[in-house]
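Worksheet: the structure to be examined is printed underneath.
On a predicted model such as this, the values are computed, not experimentally measured, just so you know. We count ligands from 1, going down the list as the structure has it; atoms in each ligand are counted the same way.
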Amino acid sequence: MPGPGSGSPVDAVAGRATSAPTVLQVLRRLDSGPRGLTEAQAEERAVRFGANTLPARCEASWPRLFVHSLRDPFTTVLLCLGLVSAAVASWGTACVILLLVAVSCVLRASGEHRADRSMAALRGLVATTATVLRRAEEGDAPVAREIPVEEVVPGDVIRLGPGDLVPADVRLLRAYGLSVHQAALTGESAPVAKAAADTTGAAYGGVFGRPQMCFQGSSVVSGTGTAIVVATGRRTRFAAAHGGLGAQREPSAFDRSVHGISWILIRFMLLTPPLVLMVNAALRGRGLETLPFAVAVAVGLTPEMLPVIVTTCLARGASLLARAHGVIVKRLPALHDLGAVDVLCLDKTGTLTKDRPVVDRALGPDGEDGPEVLRWAAVNAWWTLQLADLPTPDALDEAILDAADEDDLMAYDGTAAIPFDPVRRLATAVVRTPGRLGSHTLVVKGAVEAVLVRCAVTEDERERLLALAAHQADAGLRVLAVATAERPARVRDYTPADERGLTFQGFVTLRDALAPTAADALKVLADRGVAVKILTGDHPKTAARACRDLGIPVASDSVFTADRVDGLSDTELAHAAARTVVFARCTPEHKARIATALRSSGHTVGFLGDGVNDLPALRAADIGIAPRDAVAIAREAADVVLAEKDLTAIDRAITAGRHSGGNIATYLRVTLSSNLGNVIAMLTAGLLLPFLPMLPVQVLAQNLCFDAAQLAFAYDRPHKAVLRRPTRLRPRDLLRFIAGFGALNAVADLATFAVLAFTLHGPDALDDEAVFHSGWFTENLLTQALVMLLLRTGRRGAEGRTPGTVGWAAAALTVVGLLVPVSPLGSFFGLTPLPVLYYPLLGAVLALYAAALMAARTRYERLGAGLRVGP
Ligand SMILES: Nc1ncnc2c1ncn2[C@@H]1O[C@H](COP(=O)(O)OP(=O)(O)OP(=O)(O)O)[C@@H](O)[C@H]1O
């Protein structure tokens with residue numbers, strides 16, 4: 001016997017030839033049976049085939065991370081500048097640049113390594129599982145149990161249900177209404193129907209088109225199935241086609257902002273050296289000897305620590321969030337995007353309501369009590385559950401079964417079922433008609449419109465019934481319609497095409513209590529500037545009523561039924577979405593289109609959902625959020641996983657995102673405005689002075705000190721005001737801020753220059769280069785310390801007596817600025833002690849600068865453009 005896995009199992013069992021192997025052939029080849037493997041067999045195969053993991057999921061090694069950090073555009077530009085310095089034999093400058101690059105790469109690689117490990121541990125908490133049938137011993141009955149996907153082996157028999165990820169390449173043994181989404185493999189976005197039956201002839205669409213096969217990387221949209229695993233890990237089609245990477249995600253809002261800012265800076269950096277050279281040559285007649293200085297000025301502009309600070313801020317935020325609130329951020333940049341979310345789309349069921357409905361009433365077409373309607377609904381629920389192999393009933397079916405009389409159900413014998421599908425919004429069961437041989441009864445239950453359109457009723461009658469349902473929904477009830485049809489018995493499968501010409505039986509209404517924390521959480525979200533939109537598959541009136549009961553104002557024009565979405569262009573939809581609160585009767589595609597429209601109109605969109613019907617929207621939003629008990633595919637697609645489906649947890653996650661985002665924004669504002677100020681001042685002074693205002697090595701040394709001090713921003717606690725609005729990095733706002741405060745910084749530097757020039761030596765005594773360099777070195781570090789304290793969105797007055805990390809870092813920077821020129825290290829950098837008179841004068845300049853900074857900051861805050869990073 002060749003045994004499973006020798007050769008390529010998928011090819012072997014899926015068949016390259018025209019006809020697919022039969023179930024029997026597959027079972028034989030895999031040395032397994034419909035009752036699954038024994039535990040001992042599974043263990044032996046786990047050793048033989050290894051874990052069912054994709055090659056791409058392996059942890060990145062240290063050297064790989066280091067090399068990766070070298071590929072950062074800032075590092076590349078720095079290395080180029082280092083090379084230029086080496087080419088003109090400016091070894092000091094080249095060495096310092098190399099040191100800067102090495103320090104930032106080591107810090108970044110170690111930060112990312114730590115972040116990767118903690119992210120992997122966090123992701124492990126929400127790892128996907130598969131349901132396998134295993135037996136303790138050969139003779140025992142198989143038991144279905146959940147195991148981590150990694151432990152699935154070839155020959156295992158698994159169960160698939162709606163929302164499951166297909167854990168490996170599998171051959172179906174049984175399937176009921178099964179359709180899978182295999183876009184990751186084929187690019188085809190529509191679900192593909194799958195069936196277990198052995199067929200002959202070539203399948204359309206190659207191996208992926210084979211109806212009997214499901215592949216790793218796909219997910220179950222509707223229906224259920226039982227299948228045998230034919231290939232795992234790197235032997236699957238998915239691993240072969242994509243190296244396990246799957247589709248690349250679009251860059252997030254954060255990636256886009258950082259990318260935009262980075263490229264603007266890089267252009268400046270590249271422009272600076274030629275500009276300095278040209279201006280110095282034209283006005284001062286200096287030649288190539290100015291090159292090291294020009295290079296140092298360009299380096300001075302670089303926020304080398306940006307990747308380090310970003311990774312540290314986000315990784316700290318993510319691990320605190322996981323520890324304190326059980327919220328798991330699966331991708332680091334997602335935390336920043338959470339802070340930037342200004343529109344949050346939610347489904348209704350289980351978010352605004354508890355999703356523990358109870359039957360309120362069953363009513364016939366005349367609106368009077370109709371017990372037989374409940375009986376038919378229960379027959380439908382019971383037989384779809386039984387025949388479609390559903391693992392558990394959904395909440396609506398459970399409520400109906402709880403309310404129904406069990407004896408009534410036993411009178412029926414089911415023969416077929418088409419399980420619930422969120423696009424059709426129907427479930428159908430077929431039972432033998434009691435007392436009538438040779439007759440089947442189709443029992444259909446589902447959303448009111450979906451059932452009525454399949455009933456043989458007049459237009460007027462349909463309108464009347466819709467109004468009756470709307471009246472129930474207006475009272476906040478969930479409404480299901482029930483219809484039946486008698487058909488001659490047959491062996492052939494039933495399909496959705498059979499659901500027509502139905503006899504309308506009546507409605508079942510269900511009451512679903514509001515989630516206890518929802519009202520408060522919605523208020524907090526509104527206070528934080530997050531607009532909430534409800535995207536639900538439910539009736540518009542039920543959804544609107546739930547919103548009103550929770551205190552969300554819903555005007556009549558802010559409820560939209562999703563069929564109207566189809567007639568709108570993307571731009572029209574974006575406009576409509578801006579004023580709509582409730583989108584009802586959404587299919588999964590509607591939810592995704594609405595999220596995309598909101599994104600395209602400039603919003604950062606979060607989407608919270610837990611079902612298969614939420615999957616496209618979870619992917620379309622900037623941030624997909626799912627609770628831990630969501631279906632596997634929703635958890636897999638989400639960027640953030642909540643301990644439970646509770647809006648309060650989202651508020652905490654958003655706050656954590658704003659915290660990290662606020663710190664990153666502060667760092668960028670402080671570092672860039674300060675660096676720009678320095679560059680302007682140095683360029684100006686360079687033109688006025690007969691010598692360079694600072695030696696290249698001094699520029700680089702003070703840059704290194706400033707960078708080190710700014711690491712403190714990763715540990716800062718931002719001001720409450722930052723947490724009140726979405727923290728979105730807008731390159732344009734940031735540039736305006738940097739230009740304004742950079743100019744102010746340059747003025748302070750030049751004022752120091754004036755002090756040094758006129759007061760200490762008199763107008764003709766500007767030839768003491770070392771004193772000038774030292775004066776400027778000290779002033780630079782002191783102004784930078786001041787900027788760190790005054791331009792942060794930190795706690796200002798509320799800080800009290802504890803200075804906080806940023807306070808300590810600013811103090812350290814001040815000490816370095818004051819002591820280095822008088823220390824032995826100073827002479828190494830070409831610095832010298834300063835005359836005592838310099839210090840009170842510098843104090844005066846700094847006091848004036850601090851006052852100007854505060855005034856400018858207040859003005860910016862009032863204009864709402866500067867320190868506020870939200871929209
Ligand atoms: N098991 C079921 N059998 C028949 N019809 C159902 C069943 N479950 C839901 N429906 C109908 O289909 C509609 C859409 O269901 P879907 O699961 O897409 O959304 P929902 O649960 O109503 O709302 P949300 O999108 O907020 O989760 C429901 O409002 C209901 O009318």
Side-chain angles (χ1 to χ4, degrees), residues 161-163 177 221-224 345-357 359 376-385 388 390 392-401 417-429 443-454 466 469-470 472-473 476-483 499 507-510 512 514-515 518 532-544 546-547 561-563 582-592 594-595 607-618 626-627 630-631 634 645:
V221 176
S222 64
T224 56
C345 299
L346 312 168
D347 60 349
K348 173 190 72 75
T349 313
T351 310
L352 303 186
T353 63
K354 280 183 168 171
D355 199 20
R356 258 178 258 133
V359 170
W376 282 125
V379 167
N380 169 294
W382 177 251
W383 286 109
T384 40
L385 183 67
L390 289 172
T392 47
D394 72 10
L396 287 180
D397 283 347
E398 204 169 345
I400 289 170
L401 289 171
I418 310 174
F420 175 71
D421 171 341
V423 176
R424 296 180 338 104
R425 298 198 193 96
L426 291 176
T428 296
V443 189
V444 180
K445 120 174 145 341
V448 177
E449 306 85 334
V451 172
L452 279 176
V453 82
R454 289 165 173 84
L466 283 173
Q472 302 295 320
L477 296 170
R478 305 199 65 183
V479 189
L480 286 178
V482 183
E499 297 157 341
F507 300 114
V508 176
T509 60
L510 301 105
D512 195 0
L514 297 176
V532 168
K533 314 259 172 214
I534 312 299
L535 274 48
T536 178
D538 211 342
H539 197 286
K541 299 237 178 215
T542 313
C547 288
T561 315
D563 49 10
V582 176
F583 284 93
R585 290 301 187 216
C586 287
T587 62
E589 270 57 46
H590 286 133
K591 292 185 180 187
I594 295 162
F607 183 92
L608 170 68
D610 59 355
V612 197
N613 57 347
D614 299 316
L615 190 64
L618 282 169
V631 295
K645 202 172 181 187

For Arg424 and Phe420, indicate whether the former's side chain and the latter's backbone hold a donor-acceptor pair under 3.5 Å.
no

Indicate yes or no for a side-chain donor-acceptor contact from Asp397 to the backbone of Asp394 under 3.5 Å, with no hydrogens or angles considered.
no

Those residues with a heavy-atom separation under 4.0 Å from ligand 1 are Asp347, Lys348, Thr349, Asp394, Leu396, Asp397, Phe420, Pro422, Arg425, Ala427, Lys445, Gly446, Ala447, Arg478, Leu480, Thr536, Gly537, Asp538, Arg585, Lys591, Asn613

Pairing residues for Ala473 by the side-chain contact (heavy atoms from CB on, under 4.5 Å) criterion, not counting sequence neighbours
Val479, His539, Lys541, Thr542

Which of these, Leu510, Asp355, Asp512, Val508, sits in a side-chain contact (heavy atoms from CB on, under 4.5 Å) with Leu396?
Leu510

What pairs with Ala378 under side-chain contact (heavy atoms from CB on, under 4.5 Å), at least two apart in sequence or on another chain?
Ile400, Leu401, Ala404, Leu409

Please enumerate all residues that pass salt bridge (charged side-chain N to carboxylate O under 4.0 Å, His left out) together with Asp610, with sequence neighbours excluded.
Lys645

